[in-house]
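Indexing begins at 1, ligand by ligand and atom by atom, following the structure's order.
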Amino acid sequence: MTEAVPKRTRWAGKGSGAGQGKGTLTSPARHSRGSRLHVPRPCHSRRLHQAAEGSRPRSGLGGSRLCSRPREAHFDGLRSRLAGGQSASPPYFPRPLGGHRSTAPQPAHVVRACAARLLFGVQHLGRLALPSRVPGAGLCAFSPLVARRYPRSDRSWASRGAGGALPFTSEAEPVVASGREMVVVSVPAEVTVILLDIEGTTTPIAFVKDTLFPYIKENVREYLQTHWDEEECQQDVSLLRKQAEEDAHLDGAVPIPVASGNAVDDLQRMIQAVVDNVYWQMSHDRKTTALKQLQGHMWKAAFAAGRMKAEFFADVVPAVRRWREAGMKVYIYSSGSVEAQKLLFGHSTEGDILELIDGHFDTKIGHKVESESYRKIADSIGCLTSNILFLTDVTLEASAAEEADVHVAVVVRPGNAGLTDDEKTYYNLITSFSELYLPST
Ligand SMILES: CSCCC(=O)C(=O)COP(=O)(O)O
Ligand SMILES: [Mg+2]
């Protein structure tokens, strides 16, 4: 994961010969694909293109649309599959489409914003301490975002990460120490809420796949046998049955029968069907509310008995504490049920850290790949969508959030699904929460 730092990283602007008029942040030594040290390159494309044409640009930390075919067409096929709760991870993820590079001349306000952005960065460099938790942190490619200083139409592209689409004509020397480089993504001042995904963002996918999910598979039959007569269990089964009816058209879907008369036979038949249904859903990493609800109830006993402790990446808890000290609200939005989320935060290797979280959302508010969910979350919190920064590992979720005007950054963690080159270019990427810079801190 660690790479040698290129001797010098420079802003390649109009005069650089590289990426004429695009303001590309280039490294003389290219980073390898998928590297943690990838410096997000700018969106030169639709966002600037739109700005130049006066059309509505996109907003947030996220970058521009890179698809050469309309974005909706790009995502629609996926959405229809994901609506049933399928994972946004491969094999459901789209292949990247061709980029859309704009060579349109930049309007005056773009250049003005760039200059101010550079200035802002210089002003703040002295205040930037490289997080001590990043081993060997060295070169800091600072990428100030100047959301508050510009009207929304400017902010949309100005709020890109390092190297964000800015046609610098000058070169900025990076802060260079030893070891490796890191990117600091500055959070727009309008952000007052940080919304966190769990799996792949706060918590290693490995913990979910190797600990949480196997627990379900190994214990679901016994759990059903033991708890069948309980109200909670019956509600879970009803929800699973309803989901199974909706899934009836899907290949391999497992229906859950209702009781037909013979109590003993019925019970075993129904339990078998629920077990098969759960296995089938889990084999597709479905994120249905029905599955997640049952899982949450099953984990309850395991966490309460101390048989499991939730894992968080080392940077997560310190960063959340810092954000809260800086006045941020921190919320969770995960496909995992609210109940399961609370179990994780209440029983972690770092102790009970539930008090660090201001609130929880799950798919009851809507699927994470639907923009409407993020509007509802903002409503529920009592803020604007543009006050929220959403951190997730899944670009389809990031895209949906961005569509709702939420700021987004994609979290790259060990074990996460790879990103396409276009996704790496388009989104602000962070590999640790410590790479987020809050102006208020
Ligand atoms: C309490 S989260 C347990 C993991 C889980 O079931 C899940 O689906 C996580 O999905 P996320 O939306 O957090 O990526
Ligand atoms: Mg996730």
- Should the proximity of F207 to ligand 1, defined as any heavy atom under 4.0 Å, be assigned to the side chain, the backbone, both, or neither?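 Answer for F207: neither.
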- Region of L344 that comes within reach of ligand 1 [heavy atoms, distance under 4.0 Å]: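 Side chain only; the backbone of L344 stays clear of ligand 1.
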- Give the ring-plane orientation class for F345 versus H360, where under 30° counts as parallel, over 60° as perpendicular and anything between as tilted.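 Ring orientation of F345 relative to H360: perpendicular.
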Using distance alone, decide if ligand 1 has a nitrogen or oxygen within less than 3.5 Å of any nitrogen or oxygen in [X].
X    : result
K368 : yes
I198 : yes
W299 : no
D393 : no

- Query: Of all the atoms in E397, is at least one N, O or S atom closer to the Mg ion (ligand 2) than 2.8 Å?
  - Reply: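 Under 2.8 Å: E397 has no N, O or S contact with the Mg ion (ligand 2).
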- Message: For Y333, state whether at least one heavy atom is located under 4.0 Å from any atom of ligand 1.
- Response: no
- Message: Looking at every heavy atom in both R413 and V411, which two are closest together, and how far apart are they?
- Response: NE-CG1, 3.4 Å
- Message: Between F433 and F313, is the ring-ring contact (aromatic ring centres under 6.0 Å, His included) condition met? List the steps.
- Response: CA-CA 9 Å; F433 287 0; F313 288 107; 8.4 Å; no
Can a donor-acceptor pair be found between the side chains of [X] and [Y] at a distance below 3.5 Å?
X    : Y    : answer
T392 : T201 : no
E311 : T349 : no
S399 : E403 : no
D236 : H297 : yes

- Message: The test is side-chain hydrogen bond (donor to acceptor under 3.5 Å, both in side chains); show your working for E372 and H367 and say whether it passes.
- Response: CA-CA 9 Å; E372 193 51 26; H367 281 290; over 6 Å; no
- Task: Could you walk me through whether E339 and K292 pass the salt bridge (charged side-chain N to carboxylate O under 4.0 Å, His left out) test, one step at a time?
- Result: CA-CA 9 Å; E339 221 168 336; K292 295 295 157 185; over 6 Å; no
Counting each atom of ligand 1 from 1 as listed, which ones have a heavy atom of [X] under 4.0 Å away?
X    : answer
S334 : 2 (S), 9 (C), 10 (O), 11 (P), 12 (O), 13 (O)
A340 : 1 (C)
S335 : 8 (O), 10 (O), 11 (P), 12 (O)
F213 : 6 (O)
K287 : 7 (C), 8 (O), 9 (C), 10 (O)
D197 : 11 (P), 12 (O), 13 (O), 14 (O)

- Check step by step if side-chain hydrogen bond (donor to acceptor under 3.5 Å, both in side chains) holds for T395 and E423. CA-CA 7 Å; T395 51; E423 287 164 347; 3.1 Å; yes
- Message: Within 45 degrees of the ring normal and closer than 6.0 Å to the centroid, is that where the cationic atom of K368 sits relative to Y333?
- Response: yes
- Quick one: look up the protein heavy atom nearest atom 9 (C) of ligand 1 and list residue, atom name and how far away it is.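 Ranked first by proximity to atom 9 (C) of ligand 1 is E199 OE1, 3.2 Å.
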- Which residue owns the protein heavy atom closest to atom 4 (C) of ligand 1, what's the atom, and how far is it? V208 CG1, 3.8 Å
Could you tell me which N, O or S atom of [X] is nearest to the Mg ion (ligand 2)?
X    : answer
D197 : OD2
E199 : O
D393 : OD1

- Message: Minimum distance, heavy atoms only, to atom 5 (C) of ligand 1: which one of Q341, K292, H360, Q295 is it?
- Response: K292
- Could you walk me through whether Q235 and E231 pass side-chain hydrogen bond (donor to acceptor under 3.5 Å, both in side chains), step by step? CA-CA 6 Å; Q235 282 172 6; E231 176 69 23; 3.1 Å; yes
